[in-house]
A.B. asks: 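Next up is a structure, given as structure tokens.
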Amino acid sequence: AAPQNNSVLKGSCGAEGNEGSVQWALTDDDGDDSYTLTISGSGAMADYTANINNETKATQPWRASATGVEIEKITKVVVSKDVTSIGAFAFNGLTGVSEYVIGANVSTISQWALETSAAKVFNLNGNTNFKTDDDGVLFNKEGTTLIAYPGGSTVRDEYTVPSTVTAIADGAFVGCPIKKLTIGKKVTEGLPSWSFNGGVLEELDVNCPFGKSTFARITTLKKVTLGDSITEIPEMAFYECKWLQTVSIPSGLTKIGTQAFFGCSSLQNVTLPESLKEIGYRAFRDCAALTSITFPDSLTKIGIDAFAGCTGLTYISYGNGIDDIGGNAFGGCTGVKVIDLHRAIKIGEKYDNGSHENDSDLDLTHACIRDANEVKYYLRTVNQANSVKGNLEWGNNVAGGGNTTNTYYILTATDAVLDYTGQTITPKRAGYTFDKWEAVTVSQGSTTTKNVYTDANSWSLASPAVTVSPAS
């Protein structure tokens with residue numbers, strides 16, 4: 001819509017104490033219903049608090065509610081030569097701007113000052129405090145801070161952040177027309193949040209620290225490779241990256257944070273390194289395409305709801321370090337067919353059914369999935385199998401009135417290897433042969449459903465190969 005007769009298309013925008021020294025004006029010089037926003041006068045601009053499209057927090061005087069000019073119709077920003085700074089959030093959200101003219105004396109471009117998604121050119125107009133490279137990317141004069149990538153430029157297959165760069169500014173890659181982005185380990189300042197969205201980014205190769213929500217909701221992202229220097233995936237780092245399929249996790253990673261991969265519904269396989277110690281709250285919640293998970297021996301903690309809603313999950317294998325499994329960690333994972341706890345020596349033998357007795361263990365309870373049917377549970381002892389069977393098969397106030405579809409295998413050989421695909425229930429063990437699973441009678445659960453077995457007397461040393469020398 002065109003501005004109303006009573007709309008204000010000019011005013012002051014100077015910093016506190018300098019309010020009247022810097023002015024703004026919106027002009028439609030060509031009569032084509034596209035506007036230029038000009039910042040003139042001298043001194044520093046005011047800082048603003050939010051993206052201009054935030055109806056409750058935006059305070060920029062050139063916002064549509066104040067001028068009647070639709071935001072996308074502002075296509076050019078000119079900052080005059082005697083203006084010394086561009087205020088925080090000043091132009092953030094001006095998604096139609098394709099050209100910035102930055103005056104000769106601008107020395108500061110503040111947090112989220114520019115909107116890069118449609119930008120094609122940053123014209124420095126004699127300014128020596130900043131520079132652009134052959135790709136039109138805007139940097140500080142030393143080349144150590146990448147300020148803005150021109151999101152309106154031609155789509156390219158790959159871009160590598162220059163090795164001189166140690167910091168990337170807020171919003172630098174919003175709307176970036178890059179399919180693969182590589183960020184090297186020379187970037188020592190943590191990457192900013194929500195600064196890589198809205199473009200065509202399909203692949204990330206990251207070798208530097210990053211923080212909360214850095215790559216959240218990049219809806220085009222399919223593949224991520226994390227460098228060896230990364231030891232933690234922070235909170236919400238890849239939150240709701242719905243098309244993310246593959247993540248390569250480095251060998252030194254120790255923690256996957258709260259909601260790090262929440263809602264990554266296309267994520268298929270994740271290999272967890274032997275260094276990993278903690279998986280946070282809802283870290284993989286609603287990763288519906290995830291089919292299996294093997295926890296390393298180093299892992300000690302799995303957070304509440306960590307894998308809840310992973311409806312494609314078919315098997316879960318625990319290492320020997322786990323001793324803290326949060327409530328509802330696998331809630332709704334009703335497709336699981338194998339839960340292997342036989343090496344989890346720190347998990348107790350008694351299922352906690354709410355009575356919280358001294359020798360009961362909520363971690364054992366949280367490892368089991370009550371609503372999953374036909375699950376093969378691989379457990380450590382007869383007592384553990386007896387307790388799990390008894391509690392899962394309890395229902396309608398009677399033993400055997402609950403879930404009687406599962407099978408419980410007591411696997412005493414901690415070095416045994418299982419086939420989680422379901423093709424065979426015969427375990428393998430180096431240097432041994434396996435005879436058969438022997439039935440075990442336990443006291444809890446259904447008395448008519450015989451579904452507990454042990455390997456206790458079924459292993460025998462494999463016969464050594466006999467070498468026959470040829471006759472002389």
Side-chain angles (χ1 to χ4, degrees), residues 274 291-297 299 313-323 325 330 335-351 359-361 363-365 367-370 372-394 399-400 402-467:
E274 289 296 333
T291 58
S292 62
I293 196 77
T294 298
F295 298 121
D297 290 341
L299 186 73
L313 204 59
T314 59
Y315 76 76
I316 304 164
S317 175
Y318 291 89
N320 61 29
I322 189 70
D323 64 1
I325 302 174
F330 298 93
V336 170
K337 296 303 178 187
V338 175
I339 297 176
D340 182 4
L341 281 158
H342 87 280
R343 296 180 60 247
I345 58 176
K346 296 180 181 180
I347 299 298
E349 295 189 0
K350 188 172 183 179
Y351 189 106
D359 57 346
S360 64
D361 190 352
D363 298 311
L364 177 60
T365 307
C368 300
I369 305 175
R370 178 173 288 274
N373 294 317
E374 299 179 352
V375 180
K376 296 179 178 67
Y377 282 90
Y378 291 93
L379 302 166
R380 198 170 68 251
T381 66
V382 173
N383 288 339
Q384 194 177 49
N386 188 31
S387 183
V388 172
K389 171 182 164 69
N391 281 276
L392 294 185
E393 293 185 354
W394 178 267
N403 183 352
T404 60
T405 67
N406 303 320
T407 308
Y408 305 93
Y409 297 94
I410 302 157
L411 188 55
T412 60
T414 57
D415 58 343
V417 178
L418 297 163
D419 178 6
Y420 297 132
T421 67
Q423 296 180 15
T424 179
I425 59 171
T426 301
K428 294 181 179 180
R429 188 181 178 196
Y432 291 84
T433 58
F434 183 78
D435 183 15
K436 63 179 180 179
W437 293 102
E438 296 284 352
V440 176
T441 300
V442 295
S443 60
Q444 296 187 40
S446 170
T447 57
T448 58
T449 304
K450 306 299 182 182
N451 54 0
V452 181
Y453 302 89
T454 183
D455 72 333
N457 299 309
S458 297
W459 297 102
S460 58
L461 287 168
S463 299
V466 177
T467 302

A.B. asks: Any non-hydrogen side-chain atom of I339 less than 4.5 Å from a side-chain atom of C368?
C.D. replies: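 When only atoms from C-beta onward are counted, C368 and I339 do not touch, as no gap falls below 4.5 Å.
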A.B. asks: Is the backbone N or O of T412 less than 3.5 Å from a side-chain atom of D455, with the two atoms forming a donor-acceptor pair by type?
C.D. replies: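 Looks like yes, one N/O pair under 3.5 Å.
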A.B. asks: With T449 as reference, evaluate T447, V452, N451 under the side chain to side chain contact (heavy atoms under 4.5 Å, CB included) test and give the passing residue.
C.D. replies: N451
A.B. asks: Who pairs with Y409 by side-chain hydrogen bond (donor to acceptor under 3.5 Å, both in side chains), at least two apart in sequence or on another chain?
C.D. replies: none
A.B. asks: Roughly how far apart are Q444 CD and N391 CG, rounded to 0.5 Å?
C.D. replies: 6.5 Å
A.B. asks: When rounded to the nearest 0.5 angstrom, what is the spacing between NZ in K376 and NZ in K337?
C.D. replies: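 The NZ atom of K376 sits 8.5 Å away from the NZ atom of K337.
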A.B. asks: Provide the closest heavy-atom pair for N373 versus N406 in the form atom of the first, atom of the second, distance.
C.D. replies: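 Distance-wise, the nearest heavy atoms are C-OD1, 3.8 Å.
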A.B. asks: Could you report the tightest heavy-atom contact between G348 and Q384, atom names first, then the distance?
C.D. replies: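 Shortest heavy-atom contact: O-NE2, 3.0 Å.
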A.B. asks: Roughly how far, to the nearest 0.5 Å, is the NZ atom of K346 from the CG atom of N320?
C.D. replies: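 Between atom CG of N320 and atom NZ of K346 there are 7.5 Å.
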A.B. asks: Nearest 0.5 Å please: distance from the CD atom of E349 over to the CG atom of L364.
C.D. replies: 9.0 Å
A.B. asks: For residues T433 and S460, is any side-chain donor paired with an opposing acceptor at under 3.5 Å?
C.D. replies: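 Looking only at side-chain atoms, S460 and T433 do form a donor-acceptor pair, the distance falling under 3.5 Å.
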A.B. asks: Taking the side chain as everything from C-beta on, heavy atoms only, tell me whether W459 gets closer than 4.5 Å to P427.
C.D. replies: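 The answer is yes; the side chains approach within 4.5 Å.
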A.B. asks: Have a look at K389 and tell me which of W394, Y408, Y377 forms a side chain to side chain contact (heavy atoms under 4.5 Å, CB included) with it.
C.D. replies: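 Testing K389 for a side chain to side chain contact (heavy atoms under 4.5 Å, CB included) against W394, Y408, Y377 leaves exactly one candidate, Y408.
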A.B. asks: For a 4.5 angstrom cut-off between non-hydrogen side-chain atoms, does L392 reach Y351?
C.D. replies: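 Answer yes - side chains close enough.
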A.B. asks: To check you understand the geometry: which heavy-atom pair defines the closest contact between A385 and L379, and what is its length?
C.D. replies: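 Scanning both residues completely, I find the closest heavy atoms to be CA-CD1, 3.5 Å.
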A.B. asks: For side chain to side chain contact (heavy atoms under 4.5 Å, CB included), just list the numbers for I347 and D361, CA-CA rounded to whole Å, side-chain angles, deciding distance to a tenth of an Å, and then say yes or no.
C.D. replies: CA-CA 7 Å; I347 299 298; D361 190 352; 4.1 Å; yes
A.B. asks: Report yes or no: does K450 contribute a side-chain atom to a donor-acceptor pair with the main-chain N or O of V440 at less than 3.5 Å?
C.D. replies: no
A.B. asks: What's the spacing between T381 OG1 and I345 CD1 if we round to 0.5 Å?
C.D. replies: 13.0 Å
A.B. asks: So, S317 and Y420: side-chain donor and acceptor under 3.5 Å apart, yes or no?
C.D. replies: yes
A.B. asks: Just wondering, do L418 and D340 contact through their side chains at under 4.5 Å, heavy atoms?
C.D. replies: yes
A.B. asks: Take a 6.0 Å sphere around CG of N457 and say whether it holds more than 12 heavy atoms from other residues, nucleotides or ligands.
C.D. replies: no
A.B. asks: Side chains of L299 and Y318: does their closest heavy-atom pair fall under 4.5 Å?
C.D. replies: no
A.B. asks: Donor-acceptor pair, distance only, cut-off 3.5 Å: does the side chain of T314 make one with the backbone of T291?
C.D. replies: yes
A.B. asks: Please name all residues satisfying salt bridge (Lys or Arg N to Asp or Glu O under 4.0 Å) with D419, sequence neighbours left out, ordered by chain then number.
C.D. replies: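 Applying salt bridge (Lys or Arg N to Asp or Glu O under 4.0 Å) to D419 gives none.
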A.B. asks: Check whether any side-chain N or O of W437 sits under 3.5 Å from a backbone N or O of I425 as a donor-acceptor pair, and report yes or no.
C.D. replies: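 Answer holds: yes.
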A.B. asks: Keeping to residues at least two apart or across chains, list the salt bridge (Lys or Arg N to Asp or Glu O under 4.0 Å) pairs with something in residues 424-436.
C.D. replies: D415-R429
A.B. asks: Short question: side chain of D297, backbone of G319 - any donor-acceptor pair under 3.5 Å?
C.D. replies: no
A.B. asks: Has the side chain of R343 got a donor or acceptor atom that lies under 3.5 Å from a matching backbone atom of A416?
C.D. replies: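 No, because the side chain of R343 does not come within donor-acceptor range (under 3.5 Å) of the backbone of A416.
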A.B. asks: Are side-chain heavy atoms of N403 and V375 found at a separation under 4.5 Å?
C.D. replies: no
A.B. asks: List the steps, then state whether side chain to side chain contact (heavy atoms under 4.5 Å, CB included) holds for L313 with F330.
C.D. replies: CA-CA 9 Å; L313 204 59; F330 298 93; 4.1 Å; yes
A.B. asks: Can you find a heavy atom in the side chain of Y315 that is under 4.5 Å from one in the side chain of T294?
C.D. replies: yes
A.B. asks: Can you tell me if R380 uses its side chain to pair, donor with acceptor, with the backbone of A344 under 3.5 Å?
C.D. replies: yes
A.B. asks: Return yes if some donor-acceptor pair links the side-chain N/O of D363 with the main-chain N/O of I325 below 3.5 Å, else return no.
C.D. replies: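 Here the side-chain-to-backbone pair exists.
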